[in-house]
Each structure stands twice: as structure tokens, then as C-alpha cells.
There are 2 protein chains.
Amino acid sequence: MRTLHELKEPEKTLSADPSARRGIPDATVARLPEYLRALTGFAERGITSVSSEELAAAAGVRSAKLRKDLSHLGSYGVRGVGYEVDHLAYQISRELGLTQDWPVAIVGMGNLGHALAAYSGFATRGFRVVALLDQDTVLHEQEIAGLPVQPMEALPSLVTDQGLAIGVIATPAASAQSVCDQLVAAGVRSILNFAPCVLVVPEGVDVRKVDLSTELQILAFHEQRKSLAAQGALDAVAEAVSR
Amino acid sequence: MRTLHELKEPEKTLSADPSARRGIPDATVARLPEYLRALTGFAERGITSVSSEELAAAAGVRSAKLRKDLSHLGSYGVRGVGYEVDHLAYQISRELGLTQDWPVAIVGMGNLGHALAAYSGFATRGFRVVALLDQDTVLHEQEIAGLPVQPMEALPSLVTDQGLAIGVIATPAASAQSVCDQLVAAGVRSILNFAPCVLVVPEGVDVRKVDLSTELQILAFHEQRKSLAAQGALDAVAEAVSR
DNA sequence: GTGACTTTGTGCATCGGTTCACAAAGGCGT
DNA sequence: ACGCCTTTGTGAACCGATGCACAAAGTCAC
Ligand SMILES: NC(=O)c1ccc[n+]([C@@H]2O[C@H](COP(=O)([O-])OP(=O)(O)OC[C@H]3O[C@@H](n4cnc5c(N)ncnc54)[C@H](O)[C@@H]3O)[C@@H](O)[C@H]2O)c1
Ligand SMILES: NC(=O)c1ccc[n+]([C@@H]2O[C@H](COP(=O)([O-])OP(=O)(O)OC[C@H]3O[C@@H](n4cnc5c(N)ncnc54)[C@H](O)[C@@H]3O)[C@@H](O)[C@H]2O)c1
């Protein structure tokens, strides 16, 4: 993999795009979707041009950060004016790989899997749910949101025939590693994991997780800190009064 | 708020814990839940002691990082041996504020809200769903997972009577800011947002978001990069052959 | 009791990301 | 046509997080 990548490097200089394109920082990539969403909002309201200040406010970041982020994908702004909404949205879409549709499969049709299957948010931006999978044979009779529920054995053909690229794991944590292994074996290299556990995957496979309970626990940490601070303040006041 | 906090500082020296406790880095806090989960796993398998190496592997980090993280909460390991599983789990729980149960309300009983209400993952670790809320009067007849669906007007009393501390937003993005404002007005200071939008809140209120489509888009970015690299490699090979 | 061995806790170097502040760039009004 | 004014793009300083490497600490075998 490493050598293959290096093979390509010499071509970089004659690639079409002018700016130093390799190596967009991870932190920047993580914010691009938010910028894109904000731009979509502006476009829907008929706004054709925004300044970095306005866009940053809509995305919840500082304008300097926004500008530095955008500078990594090229120079698409006009000094003294700002950015053309449609054009910038297109450039970000292209950078994120959303100009094509990515076929997605959801594995695990329980409570969460049902909600995900019914979710329209996939289709709106670059993703297409091509299959629903579950181990449970009882479910194979059903259709959910217009798609049949298939057995796990369908995976390899989904990759070869439908170009399946992204797998979403919505099974219990105990099954998640096994499901992950099956996805990887079938050739899926991008996985979104909703199960609360760490997945171990070979190099070249990306895993991201969406973890409700981690987020709640982080909130609890700060909430406790706020409570303690308030309590401490009360104590201090009480002490001051009693003195 | 700042001044209240400073009022408390002098007490720190006579607080029970020996180490410099203030200011655990955000990056560390974000990993504590993962460590806790790994420890729970060890405990379930009857393992009473782990080294930083073992625990780090289970949590998917490097051992040096784990040790530095743990050093921020105190010195709970034994050199030459490792960490006592139960004790460390308790210390992390206490640090995260999970030794008490936090009352949680879910707002928006659509597809996702239903799944969340039925989800057992809340109760297992420090959280208790005390209320389900929705604007839609049709839903107020129903019970979901043993809880009645209440109108938004119930919010203030939930905070005062039940100690509601954390709000989960599972409404469409268009309603999320309004729901957020109502939560804040009622006194909720910690919010978990599932809607794909940025929420603006006053200082002192924490918002975290769980964002499916952002994660998918980040995966797409890397997937595209992998595809391009593969394509580039093929081109390079073809070129080499033709020469 | 002692010494060898294991593993922690941490100082230090390094890295990546954020913030600041401003010179360069371009539109726009006159 | 020209100069003013706005806003971008970015160099440089700063800040927090990560990784390295080892001395200190404590266990355990004998
Ligand atoms: N329900 C929620 O709101 C929620 C929220 C956050 C996280 N999660 C996590 O998402 C996951 C799913 O939650 P859920 O509530 O939908 O669970 P669930 O028990 O309702 O559904 C799990 C589904 O996975 C299927 N399954 C189990 N093992 C499988 C395997 N090896 N291969 C294929 N399919 C398999 C089961 O047949 C079942 O249909 C869990 O890990 C949970 O912790 C759920
Ligand atoms: N369904 C999924 O799998 C999924 C996944 C990721 C993110 N999301 C996001 O979660 C949110 C909910 O998704 P969903 O599929 O459950 O939507 P949904 O339309 O099924 O449900 C939304 C619910 O919110 C209620 N609601 C609307 N406005 C309200 C208000 N002002 N106050 C109180 N309640 C209000 C509605 O009555 C409805 O019951 C959306 O923002 C969606 O983008 C959903």
C-alpha cells in the first residue's frame, strides 16, 4: 500500500489542481461537512455570496479557522467580497467525495437499524442505502423502508455487484467485531460503528464510531463540575455569612 | 461564574484527594468512558488486575497515552503490577460523575426518539430516562417503553421536581434550536443533539452532538482518497508496462 | 532480607492545531 | 483611472496533545 502510494507521487506535479493538495489536516476534514451544511442553508435562502465571518458564524467556528481550513483546498474566495456559495459548496463536496453516491449497507435491523433505514438523511447528501442485513432469519421475510432484509451471506456479492463501499454496524456490541470482520472480508474498507466497543481492523480500513454513551458521560463530567462549583460557591457564601 | 469558581479555589488544598485535580485535559476526559468500558469488560471476565499495556490495548490506545491520562486523576496504579480493575473503574466513574444517576429527558419521539427510548444503554451506566417529550399532541396518548409522552410545557417542572439535568434533542433540525432554547429556559445545562445543525447556547451550557452524516462524510473523504490512490497505482503500473 | 524484574509516572522533545495580526489582493465608488 | 475600503490568505507565535524514554517504586522469588 505504501509503495503503491509512492508510485503515484511523481504524478502530483502535473495534476490539474493548482494548490498543494496533499494532506488536508484531519481537524479540517472533520469540519468540512459542517461548512457544507451551512453553505446549503445559505443557498436555500437564496444567498449567493458569503464572507468568512458569516459562514464561520453559521458553522459555529472562528473566521480565522474557517479561512485557514478553506485555504487547504485552494483559493476559492475573492478578497474584499467573500465566497460564492454554490462554487464553494461544490468544491467542498468534491473534496469530500460527495459528487458521487456511495453505496451503504446497514447491518443489524433492531431498534436503531430500523430508525437508520427509515432515515432520509442518507440520501440527501451523497449516500445511498443499497442493502439491509441481519443474522436473524425471521427478519428475512420482511421489507423495511422498501428494502428486503438479507442474510449476512449476501455481503460479498453486494461489494462486487453494487460497489458497496461503506458498512454501518448497528448490532449489539458482542456481535460487532464479528460483523466487522465479515464486512472487511467482503472488501468493505469504511465502517461506521454504532456499537459501544472498539473494533480492530487491518491497515487500510477506516472505522469511525458514533457513541451515544461516551457523549453522555462527557456531558456528565462537565455537569458534575458545574454542580460542584455551584455547591462550592454556596459553601463559601455560607461560611462568609457565619463568620 | 468565573468569580464563583475562584471563590472555591482556596478549599482545594483541604479537599480529600491528594493530586492536582483541577483541569483534566479535554482529550483525556473524552477517553475516560472508553477506559471505563474496557475495565467493565475485564471485570466481567473476572480479571482483577491489568497493566497499562493490557488496558490500553482493550481501549485502542497506546499505553503511554493511557498512563498519562490516568496520571491526571491521581496515582492509582502499583508499579511492577498494574491497576486494580474495580478500584480504577470506581475512580474513573467518580471522576466522570457516574456514581450518581443523571436524570435525562428525550425530546422528539420520532423514529430516532423511539429507538433511544427503548435503548437499555442509558440505564447501564449512570443515566435514567425520566421523561419523553414531543410537540405532537397525538403522541401524548401513548406510552413508549413504559413512559408517557408529555407536552413541552412539562419541562420546567421536570427540572425542579425530578432534577432533570440532561436533555437529548431528537427532533428535525428545523426545530432543534427552538427545543434547545426551551430546555435552557427550563434550566437544563447539558444537551446532547442528534439533529444535524449547530445550536447556539448561552455560556455555562454544554452542547455535544452525535452526527451520523458528518461521520459518513469523513469516511467518504478517506474512501475517495483510497480509491484515487488505487486508481493512481493502476495508472502507474499501466504506464510502466506500456513503456 | 535482598536483589532482580516489572511496570508505573513523568520530564522532555515533538507534533499538529489554533489564534493573531497584517500584507496582498481585488472590487467599487467617485 | 485611481485610490479607498473590505476581506482574504498566510506567516509566525502560541497552546495543547502525543510519543519517547527512563528513573523511581514496588513486587516477588528465593
Ligand atoms: N437503540 C438505540 O437508541 C441505540 C443508541 C445508541 C447505540 N446503540 C447501539 O446500537 C446497537 C444496536 O442497538 P439496538 O437497540 O438496535 O439493538 P437490537 O438488539 O434492537 O438490535 C440488534 C440487531 O442486530 C442483529 N444481530 C445480532 N447479532 C448479529 C450478527 N452477528 N450479525 C448480524 N446481525 C446481528 C439482531 O438480530 C438484531 O436485529 C447496539 O450496539 C447499541 O448499543 C443503540
Ligand atoms: N432516524 C435516524 O436514524 C436518524 C439518524 C441520525 C440523525 N437523525 C436526526 O435525528 C432527528 C430526528 O430524526 P427522526 O428520524 O426521529 O425524525 P422524525 O421526523 O421521525 O421525528 C421527529 C419528532 O420530533 C417531533 N418534533 C418536531 N418539532 C418539535 C418541537 N418543536 N418540539 C418537540 N417535538 C418536536 C415530531 O413531532 C416528531 O415526533 C433529525 O434531526 C434527524 O436528522 C435521525
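Letters A, B, ... mirror the listed sequences (proteins, then strands); counts begin at 1.
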Starting at CG of Asp26(A) and ending at P of dG17(C), how long is that distance when rounded to a whole Å?
6 Å

Tell me whether the side-chain N/O atoms of Ser52(A) come closer than 4.0 Å to OP1 or OP2 in dT8(D).
yes

Can you tell me how far P of dA17(D) sits from CD1 of Ile24(B), to the nearest Å?
12 Å

Hey, mind stepping through Val198(A) and Arg37(B) against side-chain contact (heavy atoms from CB on, under 4.5 Å) and telling me if it holds?
CA-CA 10 Å; Val198(A) 302; Arg37(B) 183 177 298 151; over 6 Å; no

Quickly work out the Arg31(A) CZ to dG16(C) P distance and round it to whole Å.
15 Å

Pairs: protein N or O with nucleotides 10-12 of chain C N or O, under 3.5 Å:
from, atom 1, to, atom 2, distance (Å)
dG11(C), O6, Lys68(B), NZ, 3.2
dC12(C), N4, Lys68(B), NZ, 3.2

Is the closest side-chain donor-acceptor distance between Gln182(A) and Ser178(A) under 3.5 Å?
yes

Find which nucleotide of DNA chain C each of Thr28(A) and Val81(A) is nearest to by heavy atoms, and output the residue with the more 5' nucleotide.
Thr28(A)

From CD (Glu34(A)) to SG (Cys197(B)), nearest 0.5 Å
8.5 Å

Rounded to the nearest 0.5 Å, what's the gap from CG on Leu96(A) to CH2 on Trp102(A)? Could you check?
11.0 Å

Tell me whether the OP1 or OP2 atom of dA21(C) has a side-chain N or O from Arg62(A) closer than 4.0 Å.
no

Does the side chain of Ser75(B) get closer than 4.0 angstrom to OP1 or OP2 of dG9(C) through an N or O atom?
yes

Quick one: does any side-chain atom of Glu53(A) pair with a main-chain N or O of Ser63(A) as donor and acceptor, under 3.5 Å?
no

What do the steps show when you test Leu88(B) against Leu55(B) for side-chain contact (heavy atoms from CB on, under 4.5 Å), and what is the final call?
CA-CA 11 Å; Leu88(B) 184 56; Leu55(B) 183 52; 3.9 Å; yes

Rounded to the nearest angstrom, tell me the gap between atom OH in Tyr83(A) and atom P in dG27(C).
15 Å

Value in whole Å for how far the P atom of dG9(D) lies from CG of Leu73(A)
10 Å

To the nearest 0.5 angstrom, please state how far the NE2 atom of His72(A) sits from the CD1 atom of Ile24(A).
8.0 Å

Choosing from dG17(C), dT19(C), dA17(D), which nucleotide comes nearest the side chain of Lys65(A)?
dT19(C)

What is the distance, rounded to the nearest whole Å, between atom CG of Leu66(B) and atom C1' of dT8(C)?
11 Å

Whole angstrom value for the distance that separates P of dT8(C) from CG of Leu70(B)
9 Å

Does a nitrogen or oxygen in the side chain of Tyr76(A) sit under 4.0 Å from OP1 or OP2 of dT7(D)?
no

dG27(C) P sits how many Å from Glu84(A) CD, rounded?
14 Å

